[in-house]
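Letters A, B, ... mirror the listed sequences (proteins, then strands); counts begin at 1. Excluded from the calculations below are hydrogen atoms, water molecules and symmetry mates; all remaining heavy atoms, backbone and side chain alike, are included.
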Amino acid sequence: MSSQVIEEQDLFLDDDTNFPEQTSFWWPAETTTKPVNDGVIDSLRTQLAGPSTGKAGLANIDKEKVNAIIYEASKGSAYFENERRKDKTVTKRIETMLIEASKVREMDLSMETRIVDGMIREFEESRDLSQTICHVDMDAFYASVEELDAPEWKNKPMAVGSNAMLSTSNYIARTFGVRSAMPGFIALKLCPDLCILPHNFKKYQAASDKVRAVFAKYDPDFSPMSLDEAYLNLTKVSLKERLETNSMTASELVQTIREEIFQSTQLTASAGIGPNKLLAKICSDFQKPNGQFEVSNDREAVQKFMAALPIRKIFGVGRVTERVLDSLGVKMCSDIYAHRALLYKLLSPISFKFMLRSYLGLGSTVVKAETTRKSISVERTFDALSAVGDLILKVEELAVLLAKDLADAGIKGKTIGIKLKLSSFELRVRSKTMPFYISSAEDIARIAGELLFKEMPVSLRLMGIRMSSLQPLVNENGLKKYFSAKIPNKQSIEDEEDMTPYIPEDYPMEAELSEEGDIENKSSLTCPICNRCLQLDNLEFNQHVDGCLSKIEVGLLL
DNA sequence: GGGCTGGTGGCAT
DNA sequence: TTCCAATGCCACCAGCCC
């Protein structure tokens, strides 16, 4: 598995938002910004503040002031306008639901209540309290690793990432409201003294390897969620091992694990213990940093724990779901029960079941080391591009990267998807499933190019290509394919149809090729429309593709 | 009409 | 001036088949 995948996931999984007791929000009097209120509703300001800000641990921070600064820094940008559009969509969705809710509230819901109570009884019967699951989460992982090499950062606000986006921040920086998934330039407005260190994934991987070695000792099948986070099933740790580690209870065992992690890495970890993954995950956030929390394997303890929990604490409930449920009066998990008949009527069966199970504190107990990968993708952000030739080059560039990742992973796939982020931040995803498997850069570029051209004209700030419906490569030819000659290249297709777009025989293609020019500045480029390999410079190539596109419009091609 | 598959959008980490 | 990258899951809809 590509290690980069895990590292990148980590950017968002690092949501350890609790703070040391002594922290308080620093606010110089002369720069105090009054919370703005120019007609923008609170939901948008909360939305702009970023993910995870509603989670526990921010009690010591003046959220109003932080949000006001973020709002001021974002106002007027394309990003801001897009957030406003998204906010309106959610608002509309909520309005529609509230109309429905007012109708439902007038109805006699005794039958629905009985149905839900029946579901609860059924769920109760399936409750498994026999397992001891632990979720371990390293504290401010990237930042803490950096502090190992440079201890002076321990007393200064520091974050890891870039001017565009932060992965994580140390606890000093968090007292300023600086946190993961925040753009660096906004973080600097919150904390002008903040130092932003670039990523050093090799270091984080090395530290992670040490942490995982400890995990493996206690559960060889531990399930890593990212570089700094994993689930362990401690049920099977034998009494003998517990005695050897001088620990009898699950809590003592986890204490031992955390101590071993510290011995090995000088890094602190927080942990949660419970009868399933849902509870363990929530608990690991409770005593951050460098702490642990346990919910005992007892139905009443679990119910009591869950009832007092804000719904946002549930893994899978984000800002949007929180807003939607809040509009229905559901803020805490106990509210799910109080409003069970209404929610039963309004939510989809799957969503309702998820909420009800969460209220009951029921979750999966399956801790598995490996899961099969479902998709593999690459994406890049860049300065706005709209010229056809530039976009084609970008497709080819990404296709090469994806083909390499596929080759490294030894897989091929049938479904190609493109992801486009317009300069307006509007997101578009398009995909196409082929009747055969592909893995070469050429095939990927051609299909991705076809998808892209249907969206033209566009001005893009991000492009991504994803391959899904995956299957392992069975022979070496498949692996060699991408590195072999450019065209034609069909060995992975074998008995399947030819993918080359149909081009009429009398189609006049070669005008550009016969032109004179400085061959030094020309490179070999494949037009994704007519699939010809051309020796052209960028300008000529753009003109060629534009010509092909106009031919598509009049139905001459494809 | 119900199940299946594929495509798109959205939400989540 | 500046808002990442990779992946999974689900809802909803349309089209197809039996």
Item to complete: Please figure out whether A:V429 or A:K414 has its closest DNA chain B nucleotide nearer the 5' end.
Response: A:K414

Worksheet item: Would you say the side-chain atoms of A:R430 pair up with the backbone N or O of A:I418, donor to acceptor, closer than 3.5 Å?
Response: no

Item to complete: Name the nucleic acid region contacted by A:T321, choosing base, sugar-phosphate or nothing; use a 4.0 angstrom heavy-atom cut-off, strictly under.
Response: sugar-phosphate

Worksheet item: Which part of the nucleic acid, if any, lies within contact of A:L462, taking any heavy atom under 4.0 Å across all strands shown: a base, the sugar-phosphate backbone alone, or nothing?
Response: sugar-phosphate

Fill in: Per A:T381 side chain, nearest of listed nucleotides C:dG8, C:dA5, C:dT2
C:dA5

Item to complete: Identify whether the distance between the nearest side-chain nitrogen and carboxylate oxygen of A:R323 and A:D87 falls below 4.0 Å.
Response: yes

Worksheet item: Any side-chain N or O of A:S377 under 4.0 Å from OP1/OP2 of C:dT7?
Response: yes

Close N or O pairs between protein and nucleotides 11-17 of chain C (under 3.5 Å):
from   : atom 1 : to     : atom 2 : distance (Å)
C:dA11 : OP1    : A:S348 : OG     : 3.4

Discussion item. Looking at C:dT2, I'd like to know if its phosphate oxygens (OP1 or OP2) sit under 4.0 Å from a side-chain N or O belonging to A:S77.
Written reply: no

Worksheet item: Under the side chain to side chain donor-acceptor pair (under 3.5 Å) rule, what pairs show up with a residue in residues 350-361 of chain A, not counting sequence neighbours?
Response: A:S348-A:S351

Fill in: N/O (side chain, A:T433) to phosphate O (OP1/OP2, B:dG7) under 4.0 Å
yes

Fill in: A:D408/A:K404 ion pair, N-O < 4.0 Å
yes

Worksheet item: Between A:S440 and A:R446, does any side-chain donor sit less than 3.5 Å from a side-chain acceptor?
Response: no

Worksheet entry | Among C:dG8, C:dA5, C:dC4, the one nearest A:K421 by side-chain distance | C:dC4

Worksheet item: Do the side-chain N or O atoms of A:R380 get closer than 4.0 angstrom to the phosphate oxygens (OP1, OP2) of C:dA6?
Response: yes

Item to complete: Measure from the side chain of A:K432, starting at C-beta and using heavy atoms only, and say which of B:dG7, C:dG8, C:dC4 lies closest.
Response: B:dG7

Worksheet item: Where the side chain of A:F185 is concerned, which of C:dT2, C:dC9, C:dC4 is the nearest nucleotide?
Response: C:dT2

Practice prompt. Return the nearest nucleotide to the side chain of A:S431; candidates are B:dT8, C:dT7, B:dT13.
Written response: B:dT8

Response to the item:
The residue among A:L232, A:D221, A:N276, A:D219 that forms side chain to side chain contact (heavy atoms under 4.5 Å, CB included) with A:V367 is A:D219

Item to complete: Among C:dA5, C:dG8, B:dT8, find the nucleotide with the atom closest to the side chain of A:R430.
Response: B:dT8

Worksheet entry | Minimum-distance nucleotide (side-chain atoms of A:R312 versus C:dT7, C:dA5, B:dT13) | B:dT13

Worksheet entry | A:Y71 ring center within less than 6.0 Å of A:F80 ring center | yes

Item to complete: Under 4.0 Å between any heavy atoms, over every strand shown, what does A:R466 touch: base, sugar-phosphate, or nothing? Just pick one.
Response: base

Worksheet item: For the side chain of A:A164, counting heavy atoms from C-beta on, which of C:dG8, C:dC4, B:dG6 is nearest?
Response: C:dC4

Worksheet item: Looking for any heavy atom pair under 4.0 Å, which part of the strands does A:K419 touch: base, sugar-phosphate only, or nothing?
Response: nothing

Worksheet entry | Phosphate-side-chain proximity, A:S167 and C:dC4, N/O vs OP1/OP2 below 4.0 Å | no

